Trainee: 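I have a structure I would like to understand better, so I am pasting it below and will then ask my questions one at a time.
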Amino acid sequence: MKELSKTYDPKKVEDAWFTHWETEGYFHSEPSNKKAPFCVMIPPPNVTGMLTMGHVLNNTLQDVLVRKARMQGFETMWLPGTDHAGIATQARVEKHIRETENKTRHDFGREKFVERIWDWKDQYGGMIIRQLRKLGVSCDWERERFTLDEGLSKAVREVFVQLYEKVLIYKGKRIINWCPVSHTALSDEEVIHQEKNGKLWHFKYPVKGEDGRYLVIATTRPETMLGDTAVAVNPKDDRYTDLVGKSILLPLVGREIPIVQDDYVDMAFGTGAVKITPAHDPNDYEIGLRHDLEFINIMNEDASMNEVVPEKYKGMDRYECRKAVVADLDALGLLDKIEDHIHKVGYSERANVPVEARLSEQWFVKMEPLAKPALEAVNSGKIKFNPERWVKTYNHWLENIRDWCISRQLWWGHRIPVFTCTDCGWESAEREDPTICPVCGSKRIKQDSDVLDTWFSSWLWPFSTLGWPESNEDLKYYYPTNDLVTAPDIIFFWVARMIMAGYEFMGELPFKNVYFTGLIRDMQGRKMSKSLGNSPDPLEVIDQYGADALRYGMMLIAPKGHDILFDTSQIELGRNFMNKLWNASRFVLMNVDESTQMGILPDDADLETADKWILAKLKSTIESVDKNLGEYRFNDAAKDIYDFTWNNFCDWYIELIKSRLYGDDARKKNAALHTAIYVLRNIVKLLHPYAPFITEEIWQSVKADEEKDIMVSDWPTTDALKPSANAVKEMGLVMDVITAIRTIRSEMTVPPSKKADVLIGGGSVETRSILQTQAEYMSALAKVKDLSIAESVDKPELSSSAVVGDLEIFVSLEGLIDIDKEKERLEKEIASFEGRIKGIKGKLNNENFVSRAPENVVQHERNKLANYEESLALLKENYGKLAK
RNA sequence: GGGCGCUUAGCUCAGUUGGUUCAGAGCACCUGCCUUACAAGCAGGGGGUCACAGGUUCGAGUCCUGUAGCGCCCACCA
């Protein structure tokens, strides 16, 4: 027999078990014709990433699903991997090179720089994968993929070509979101709108040919006036009717620009006159198109002013220029007024600086045709969202979907496979790099220099990782996958697009269920972030409490899809539970000897009420865990196991069997011990998906020799467990009596060492016989010396009393009873019963209740009333005896 | 401007089909215990008008309407 240490030390076992599982090949999956598949694709973390609490939550949830499925006999495959994260990774390496070598990417050139990123990736990247392993997650590590690896790159290229050929990918000159730090275009989803306190500047624009007459415009972006090519008013605005057709002499620039009419202009906002900068604002761009205006780009890639602006402003940063323009207009007497103004400013998701609207040529995916099947799949219920409310968000986005800007002016990523001939202008997207132009035969062929948005590879993840576009066994077997677990903040970036890609390229849904997690916040409700320093390092938490404690604690506080306020102290709960389980196991194992058989249930004839009771509780626990996990109620299932283990098994059952274990009757001892082992085996199995390490460790001591490791064992069933209503009822009674005695003892501060005589009177013959049978339990658990049970008993002179239903209980407390305390106790009890009785009487006196409520409900109230009244009578009687 | 969510004990939160202890858990607090599995523990206890106002119902923490506060998402008002 294996001796367990007194406190559980996760450090001693966790790494060893992980290595063992990996060596045994438990993580790996291959298509099987005997088993049904269960497949989960990890949301690939950024290759630059470090493990956060968000990852802990997300990956533990997946591991719970996966480990349970594996135990249930599915051929289970959880595919891990990382995302190349274009902007983030490139920026990281650029920073690294700037800091270590004081160089920029341009010092290297494209090819060399990309090589440097690969070097960096090999050296520092994928840290998060190693960290995930510390968490114990059971991914198929042999199948790890990277969005920029060869296979996935091939899938990306195939998809691009297909969409290009269907003209669902096109190149267009548009106003896009431009990040002035990363120097690239961004998609709409990569822009975060933040509310800011800004100003609304009112400028006087001189009307040409009308000396001293001005048109006052209002703007939040003074610096862009250098690129103004019109002023617009609403056609219905009669304040300005006479100005239409006239023009403005643009101050500081001297350009003559027209005054135009456009419905877009809101007469009620500002002055009703708007400056139009078609190259720097999406609305102005539309107006520019409608009125055939000039498009003047006044900025460089870094949002500094370019050479088309007047000399003075050239090279200025946009905000520096803003100050200068305002000052200069003021000096000219053209600043009318400045108002405070709250407005939304778009920030670059990655670089956290305001984005610039920029007119440029980019590649787009036409989304509307892809959205249709994706909408249908979710709304028909083929794909289920948990919680369901995210369907609305999903629908809203897809119903108003806009084309996806997929080109990025970066070097790190999948290069756009579009080639043009410099001689004849031929252009095409190609699966293989062409060497000569198929039209004119020229060898002067250029590939587009941009790369694709990172999400353009992520949206293929559920099938590109399985080898698509090659057809193969993996793809046939594992696709469509089962569950996707992800945070709701990437519902547009990723979830919706994966569904679209699934239907477009595979003709089928990519997964059947989506579980949206909550966001992890700190106790003040703030998002966890590096800059706030409020994000605990999961590895430190693991070091302190163990991976199981972290995982289990996290699951226990992770309600269904709500944000989570996280504090490390909450993990203590998990740690305490692991230790409790450890010690319960230790206790059971201390009683094991060579004759003990693991995994058998004793003969029915040998089972005592307590055994039947714990087995009945186990049965309902297994059922509840199954039900809750089936509904993605991870926290409820975790709580089921906790309550059963701690409250039923440890606090009651183990205490109840001690006398048998310590006694001489081998048969009784065996029944108790084997029941305890049976229950414990089921507990560790139920808990294994949540806490894989400790359960594997304990399992080794309670498994039969021929049994496999717990990770690949069978999920608990209730097949061998019979419900036992009698045992539950009987134990309930015994536990109530024990608690009543304990309460008296505690309230009278009887020292635990002191045993007391107890008299129990009243009740039915049946009740008394139950108590008589279980007398030993009461003696042991309530520290009773002599116990007498009779139909009627006389209250001992110096005693304290309690009432349990129609039973009265006297605890004889010579020398310890405090009459005043006892009086107070009973008065409180009496008041409590009187209150309850009053409530029920009120109900039963209500004619409507009696006539309209279901019979069983009414009957239940009547029973309750009768019971309470009986209890009250006994209480009053005893109180009367006390008073005299 | 639309949409979603939250409000239950001092704190963090459960509460699934309206009705069996449905007013709960953990932490914190109070009392007593190093009782040979566990002080990361054991036994007992105090503590809440379920945000507010209406409504439906025999019956509402639970369903409906409205209000307030907080939070999030989406949207081109300069």
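Fair warning: this is a prediction, and the values are worked out from it, not measured in the lab.
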Trainee: In terms of side-chain heavy atoms of Thr743(A), which of C33(B), A78(B), G44(B) is nearest?
Mentor: G44(B)
Trainee: With sugar-phosphate meaning primed atoms plus P, OP1 and OP2, does Tyr394(A) contact a base, only sugar-phosphate, or nothing at under 4.0 Å between heavy atoms?
Mentor: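 If one applies the 4.0 Å heavy-atom cut-off, Tyr394(A) turns out to touch nothing in the nucleic acid.
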Trainee: Could you give the CD-to-C1' distance, from Glu847(A) to U57(B), as a whole number of Å?
Mentor: 17 Å
Trainee: Base, sugar-phosphate, or nothing: which does Glu861(A) touch, judged by heavy atoms less than 4.0 Å apart?
Mentor: nothing
Trainee: Check this for me, if you would: do Arg497(A) and Glu189(A) make a salt bridge, where the nitrogen-to-carboxylate-oxygen distance has to be below 4.0 angstrom?
Mentor: yes
Trainee: So what does Ile654(A) hit on the nucleic acid, given a heavy-atom distance under 4.0 Å: a base, only sugar-phosphate, or nothing?
Mentor: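 Counting heavy atoms under 4.0 Å across all strands, the contact made by Ile654(A) includes a base.
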Trainee: Heavy atoms only, 4.0 Å cut-off, all strands: where does Phe492(A) land among base, sugar-phosphate and nothing?
Mentor: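 If one applies the 4.0 Å heavy-atom cut-off, Phe492(A) turns out to touch the sugar-phosphate alone, with no base involved.
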Trainee: Output the rounded distance in Å from CG (Leu865(A)) to C1' (U20(B)).
Mentor: 15 Å
Trainee: Using a strict cut-off of less than 4.0 Å between a Lys/Arg side-chain nitrogen and an Asp/Glu carboxylate oxygen, indicate whether Arg318(A) and Glu356(A) qualify as a salt bridge.
Mentor: yes
Trainee: I want to confirm an ordering. Mapping Trp397(A) and Phe269(A) to their closest nucleotides on RNA chain B, which one lands closer to the 5' end?
Mentor: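 First, find each residue's nearest nucleotide; the 5'-ward one identifies Trp397(A).
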Trainee: Across the strands shown, which category fits Lys658(A) at heavy-atom distances under 4.0 angstrom: base, sugar-phosphate, nothing?
Mentor: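 The answer is base, as Lys658(A) lies within the cut-off (heavy atoms under 4.0 Å) of a base atom.
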Trainee: Taking only side-chain N and O atoms of Tyr662(A), does any of them lie within less than 4.0 angstrom of OP1 or OP2 on A37(B)?
Mentor: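 True: Tyr662(A) side-chain N/O within range (under 4.0 Å) of A37(B) OP1/OP2.
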Trainee: Using a 4.5 Å cut-off on heavy atoms from C-beta on, say whether the side chain of Leu335(A) contacts that of His202(A).
Mentor: no
Trainee: Choose from A39(B), C73(B), A78(B) the nucleotide whose nearest atom is closest to any side-chain atom of Asp266(A).
Mentor: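 Of the options given, the side chain of Asp266(A) lies nearest A78(B).
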Trainee: Under 4.0 Å, heavy atoms only, any strand: does Lys580(A) hit a base, just the sugar-phosphate, or nothing?
Mentor: base
Trainee: Do NZ/NE/NH1/NH2 and the carboxylate oxygens of Lys337(A) and Glu339(A) come within less than 4.0 Å?
Mentor: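 Salt bridge: yes.
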Trainee: Taking atom P of C13(B) as reference, at what distance in whole Å does atom CZ of Arg521(A) sit?
Mentor: 11 Å
Trainee: For a quick check of understanding: with a heavy-atom distance under 4.0 Å over all strands, which category does Val265(A) fall into, base, sugar-phosphate or nothing?
Mentor: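 Base contact - Val265(A) has a heavy atom under 4.0 Å of at least one base atom.
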Trainee: Atom CD1 of Ile564(A) and atom P of A14(B): how far apart are they, to the nearest Å?
Mentor: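 The distance from CD1 of Ile564(A) to P of A14(B) comes to 9 Å, rounded to the nearest Å.
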Trainee: Consider side chain to side chain contact (heavy atoms under 4.5 Å, CB included). Of Val588(A), Leu673(A), Leu589(A), Val702(A), which one does Thr596(A) pass it with?
Mentor: Leu673(A)
Trainee: Can you tell which of A78(B), U21(B), C58(B) lies closest to the side chain of His343(A)?
Mentor: A78(B)
Trainee: What nucleic acid atoms does Trp646(A) come within less than 4.0 Å of, heavy atoms only: base, sugar-phosphate, or nothing?
Mentor: sugar-phosphate
Trainee: Which nucleotide sits closest to the side chain of His396(A): C74(B), C77(B), A40(B)?
Mentor: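 Nearest nucleotide to the side chain: C74(B).
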Trainee: Could you give the CG-to-C1' distance, from Asn395(A) to G2(B), as a whole number of Å?
Mentor: 15 Å
Trainee: Respond yes when some side-chain nitrogen or oxygen of Asn576(A) is under 4.0 Å from OP1 or OP2 of G41(B), and no when none is.
Mentor: yes
Trainee: One thing to verify: whether Lys11(A) and Asp9(A) come together as a salt bridge, which I'm taking to mean a side-chain N less than 4.0 angstrom from a carboxylate O.
Mentor: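 No, no charged N to carboxylate O under 4.0 Å.
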Trainee: Under a 3.5 Å cut-off on both pairing distances, which runs of 3 or more consecutive Watson-Crick or G-U pairs involve RNA chain B?
Mentor: B:1-7 with B:68-74, B:10-13 with B:24-27, B:29-33 with B:41-45, B:51-55 with B:63-67
Trainee: On the nucleotide G3(B), are OP1 or OP2 found under 4.0 Å from the side-chain N or O atoms that Arg389(A) carries?
Mentor: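 No.
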Trainee: Closest-nucleotide mapping onto RNA chain B: is Asp643(A) or Lys275(A) further toward the 5' terminus? I mean the 5' end.
Mentor: Asp643(A)
Trainee: Would you kindly say whether Asp188(A) and Asn177(A) are connected by a side-chain donor-acceptor distance under 3.5 Å?
Mentor: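 Result is yes, a qualifying pair exists.
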Trainee: I'd like to know if Glu824(A) and Lys821(A) make a salt bridge, using a cut-off of under 4.0 Å between side-chain N and carboxylate O.
Mentor: no
Trainee: It should be established whether Lys639(A) places a side-chain nitrogen or oxygen under 4.0 Å from OP1 or OP2 of nucleotide G24(B).
Mentor: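 For Lys639(A), the contact criterion (side-chain N or O under 4.0 Å from OP1 or OP2 of G24(B)) is not met.
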Trainee: In this structure, are over 12 heavy atoms from other groups packed under 6.0 Å from Glu827(A) atom CD?
Mentor: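 More than 12 within 6.0 Å, yes.
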Trainee: What's the closest nucleotide to the Thr219(A) side chain, out of A78(B), A37(B), G44(B)?
Mentor: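 That would be A78(B).
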Trainee: If only side-chain N and O atoms of Lys783(A) are considered, is one of them under 4.0 Å from the OP1 or OP2 phosphate oxygen of A43(B)?
Mentor: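 Checking A43(B) against Lys783(A), no side-chain N or O comes under 4.0 Å of OP1 or OP2.
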Trainee: Could you tell me whether Lys204(A) and Asp336(A) make a salt bridge, using a distance below 4.0 angstrom between a side-chain N and a carboxylate O?
Mentor: no
Trainee: Describe the nucleic acid contact of Asp651(A) in one word from base, sugar-phosphate, nothing, applying a heavy-atom distance below 4.0 Å.
Mentor: sugar-phosphate
Trainee: When the ring planes of Tyr632(A) and Tyr515(A) are compared, do they come out parallel, tilted or perpendicular, using 30° and 60° as the limits?
Mentor: parallel
Trainee: Could you check how far CD of Glu655(A) sits from P of C33(B), rounded to whole Å?
Mentor: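 Going from CD in Glu655(A) over to P in C33(B) covers 19 Å.
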Trainee: Can you measure Arg290(A) atom CZ to C76(B) atom P for me and round it to whole angstrom units?
Mentor: 15 Å
Trainee: For the side chain of Thr749(A), starting at C-beta, report the closest nucleotide among G5(B), U12(B), U31(B).
Mentor: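 Ranking G5(B), U12(B), U31(B) by closest atom to the Thr749(A) side chain puts U31(B) first.
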Trainee: Do any N or O atoms of the protein come closer than 3.5 Å to N or O atoms of nucleotides 15-19 of chain B, and which pairs are they?
Mentor:
unit_1 : atom_1 : unit_2    : atom_2 : d
G15(B) : OP1    : Arg633(A) : NH2    : 3.1
U16(B) : O2     : Lys627(A) : NZ     : 3.4

Trainee: May I ask you to say what Arg825(A) touches in the nucleic acid, namely base, sugar-phosphate or nothing, with a heavy-atom cut-off under 4.0 Å?
Mentor: nothing
Trainee: Checking all strands, does Arg742(A) fall into the base, sugar-phosphate, or nothing category for heavy-atom contacts under 4.0 angstrom?
Mentor: sugar-phosphate
Trainee: Which one, A75(B), C77(B), C13(B), comes nearest to the side chain of Leu565(A)?
Mentor: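 Closest nucleotide among those given: C13(B).
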Trainee: Using a cut-off of 4.0 Å on non-hydrogen atoms, how would the nucleic acid contact of Ser753(A) be classed: base, sugar-phosphate, or nothing?
Mentor: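 Nothing: the residue Ser753(A), judged by heavy atoms under 4.0 Å, touches no strand.
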Trainee: Does either side chain, that of Asp640(A) or that of Thr621(A), offer a donor lying less than 3.5 Å from an acceptor on the other one?
Mentor: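 Not at all, the side chains of Asp640(A) and Thr621(A) share no donor-acceptor pair under 3.5 Å.
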Trainee: Could you check whether Gly272(A) gets within reach of a base, just the sugar-phosphate, or nothing at all, counting any heavy atom under 4.0 Å?
Mentor: base
Trainee: Roughly how many Å is it from CD in Glu349(A) to P in C73(B), rounded to a whole number?
Mentor: 12 Å
